[in-house]
2 protein chains.
Amino acid sequence: MTEEAYLRDYDPKAFDSPLLSVDAVLFTYREGQLKVLLVERSNHPEMGKWGLPGGFVDLEADGTLEDTVIRKLQEKTGVVPPYVEQLSTIGNRSRDKRGWSVTVCYTALIAHQECETHIDTVSDAKWVNLKDLEKLDLAFDHKSIIAAGRERLKQKALYSIVPAYTLPEKFTLSDLQHVHEVLLGKPLQKKSFRRRIEQADLIVDTGEKSAEKGRPAILYRLKPEASRHTFIRNLEL
Amino acid sequence: MTEEAYLRDYDPKAFDSPLLSVDAVLFTYREGQLKVLLVERSNHPEMGKWGLPGGFVDLEADGTLEDTVIRKLQEKTGVVPPYVEQLSTIGNRSRDKRGWSVTVCYTALIAHQECETHIDTVSDAKWVNLKDLEKLDLAFDHKSIIAAGRERLKQKALYSIVPAYTLPEKFTLSDLQHVHEVLLGKPLQKKSFRRRIEQADLIVDTGEKSAEKGRPAILYRLKPEASRHTFIRNLEL
DNA sequence: TTGGATAGTGTCTTTAGGTCACTTTGTTGA
DNA sequence: TCAACAAAGTGACCTAAAGACACTATCCAA
């Protein structure tokens, strides 16, 4: 048989295959707290429970898996988060009552200011403090996915400034240090932190200053190469 | 409608969904070269081309995605590799002529001695030097998946001794250093390398010595906690 | 027993990061 | 107007990890 004949007769539903979905752990930082976006499930199974934003691939609309996540996140937040990175894929027979199920998970970061108003209009989405998650009973294995996302972000805090994407476009080094401290769960030395960031050479002085009490701080912005525009990490080499 | 009713009537084939497969980049080290296991495709599409070992989830036999990879690897090598780790998931409309396709990719490591004989009996599998890959035309996007796996392994060489899983159970520090040098593409300082490994405290002296020319070297083995038995990394926290 | 080959170590230098006190620069209210 | 306060930013010293490289150790073979 030729490949043409094979492809002509190919029936995608001839074989049983797992259910495939996509989920996103969207983090933000506000008032000293790390928060995750949760969505109330409006369909079975686990209807009524809160869980991660996500869903199924739209074979027509989506060209890649990243298109799917971004589409789903935009539905809930109104915007495309500036940072999206694949986290892990989980697939087994027990995580979904419907049967064998696979979910491709992503972590995403955004400044809460970017989507505050839109989330308020969407009644089925809300920010939840990571600290308050323990009490909640989330859908599927979403709680452990969030834990994995948080762990990944913690690692990033050790050797990168990726957590900066949880902040507004212009931010101070003190802000950034606070985010890192929350992620790492311990205070950092101001000097060391600043030295590391200066060496990395990933941010640039905007010339503006913050207006809090005390000495005003320089407002920085991420350099264009680490640009604030849908930085998608999946197989870039 | 109750959840019970929903689940009773649930039809997994009611919606179109992407094709889901699993692929593995199995590395080994031999005679100063990094090698990857390739398999000749016996079915359409891309029949006759060489590609990564992998396949579809068996909803009956496999409990998790990792079961699927391991089953596929065992079919080709005869054994379960001591190190298997999820790499990345790639899903888009263009990678497979059959349509929307998602593949969950893994990297795995094994000593070539463990499977030499079995691979010789399986005529459709062979080790290929990483260096020789450029010339080859592999199936699907497998060449870029291998590149990603190699890049991941290179990162591991910087701060771990995971590459030790490409070596036999008992190995010398010189062997391990050679593997790391090939991965990093540059010579390493013997003293620094050994200091780093000693500090990590992940290997233990077997009491045996190697018998090459020159001064015999101490044979080490990975400590049980970094045990040589199907160390699967996916979402361990 | 000596020379070749490779394993393994001693030691100085370099660099990244920790610590902490000090200076700077703004606001606020007597 | 100017001290007191608060937070930003820096100087300087110390420690730990890694780089560089020469040196010693231990085997085999001729």
Side-chain angles (χ1 to χ4, degrees), chain A residues 29 31-32 154-164 167-168 170-222, chain B residues 29-32 154-164 167-222:
Chain A
Y29 176 81
E31 290 161 6
K154 178 178 177 179
Q155 294 309 315
K156 299 273 176 198
L158 290 171
Y159 63 90
S160 82
I161 56 168
V162 162
L167 297 173
K170 299 169 186 172
F171 56 88
T172 69
L173 288 184
S174 296
D175 289 343
L176 185 54
Q177 183 174 340
H178 290 147
V179 177
H180 280 238
E181 284 173 341
V182 171
L183 277 168
L184 298 173
K186 65 175 185 189
L188 296 174
Q189 288 294 127
K190 187 162 50 165
K191 185 70 197 213
S192 315
F193 183 74
R194 284 160 184 256
R195 234 180 341 216
R196 186 165 74 76
I197 289 186
E198 186 177 17
Q199 278 190 315
D201 191 34
L202 292 171
I203 61 177
V204 57
D205 188 338
T206 62
E208 299 175 60
K209 304 261 180 176
S210 75
E212 304 292 313
K213 64 180 168 182
R215 175 175 171 179
I218 297 175
L219 285 167
Y220 292 89
R221 155 198 345 261
L222 287 169
Chain B
Y29 176 80
R30 184 180 184 183
E31 291 161 5
K154 177 178 178 178
Q155 295 307 317
K156 298 272 175 197
L158 289 171
Y159 62 91
S160 82
I161 57 167
V162 162
L167 297 174
E169 185 177 0
K170 298 170 187 171
F171 56 88
T172 69
L173 290 183
S174 296
D175 289 343
L176 185 54
Q177 183 174 341
H178 289 147
V179 177
H180 280 237
E181 285 173 341
V182 170
L183 278 168
L184 299 172
K186 67 175 184 188
L188 296 174
Q189 289 294 127
K190 189 163 48 167
K191 185 69 197 221
S192 313
F193 183 74
R194 293 161 107 96
R195 234 181 341 218
R196 185 164 74 75
I197 289 186
E198 185 177 19
Q199 275 190 316
D201 192 34
L202 292 171
I203 59 176
V204 58
D205 188 337
T206 61
E208 299 174 62
K209 304 261 180 175
S210 75
E212 304 292 313
K213 65 180 169 183
R215 174 174 170 179
I218 298 174
L219 284 167
Y220 292 90
R221 148 191 1 253
L222 287 169

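Chain identifiers are assigned alphabetically (A, B, ...) following the order of the sequence lines, protein sequences preceding nucleic acid strands; residue numbering begins at 1 within each chain. The basis for the numbers below is simple: all heavy atoms, side chains too, and nothing from hydrogens, waters or symmetry mates. Since the structure is predicted, the reported quantities are computational estimates derived from the model, not experimental observations.
Using a 4.0 Å heavy-atom distance criterion, Gln199(B) is classed as a sugar-phosphate-only contact. Across all strands shown, Lys209(A) has no heavy atoms under 4.0 Å from either base or sugar-phosphate atoms. Among the heavy atoms of the strands lying under 4.0 Å from Ser174(B) are primed sugar atoms or P, OP1, OP2 only; no base atom is included. Within 4.0 Å of Leu173(A), counting heavy atoms only, lies no atom of the nucleic acid at all.
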Just do the side chain to side chain contact (heavy atoms under 4.5 Å, CB included) check on Thr172(B) and Ile218(B) with the steps written out, would you?
-> CA-CA 6 Å; Thr172(B) 69; Ile218(B) 298 174; over 6 Å; no

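With dA12(D), dG19(D), dA8(D) as the choices, the nucleotide that has an atom nearest any side-chain atom of Lys191(A) turns out to be dA12(D).
Spacing between atom CD1 of Ile218(A) and atom C1' of dG26(C) amounts to 13 Å, rounded to whole angstrom units. Atom CZ of Arg196(A) is separated from atom C1' of dG17(C) by 10 Å (rounded to the nearest Å). One atom, NE2 of His178(B), and another, P of dT6(C), lie 9 Å apart when rounded to the nearest Å.
A donor N or O paired with an acceptor N or O is not found under 3.5 Å between the base of dA7(D) and the side-chain atoms of Arg215(A). Residue Arg195(B) places no side-chain atom within donor-acceptor reach of the base of dG8(C), judged by atom type and a 3.5 Å distance cut-off alone.
Remark: Ile203(B) CD1 to Phe171(B) CZ distance equals 5.0 Å, nearest 0.5 Å.
When side chains are defined from C-beta on, Tyr220(A) does not count as touching Thr206(A), because their heavy atoms never get closer than 4.5 Å.
Under a 4.0 Å N-O distance rule, the pair Lys186(A)/Glu181(A) does not qualify as a salt bridge.
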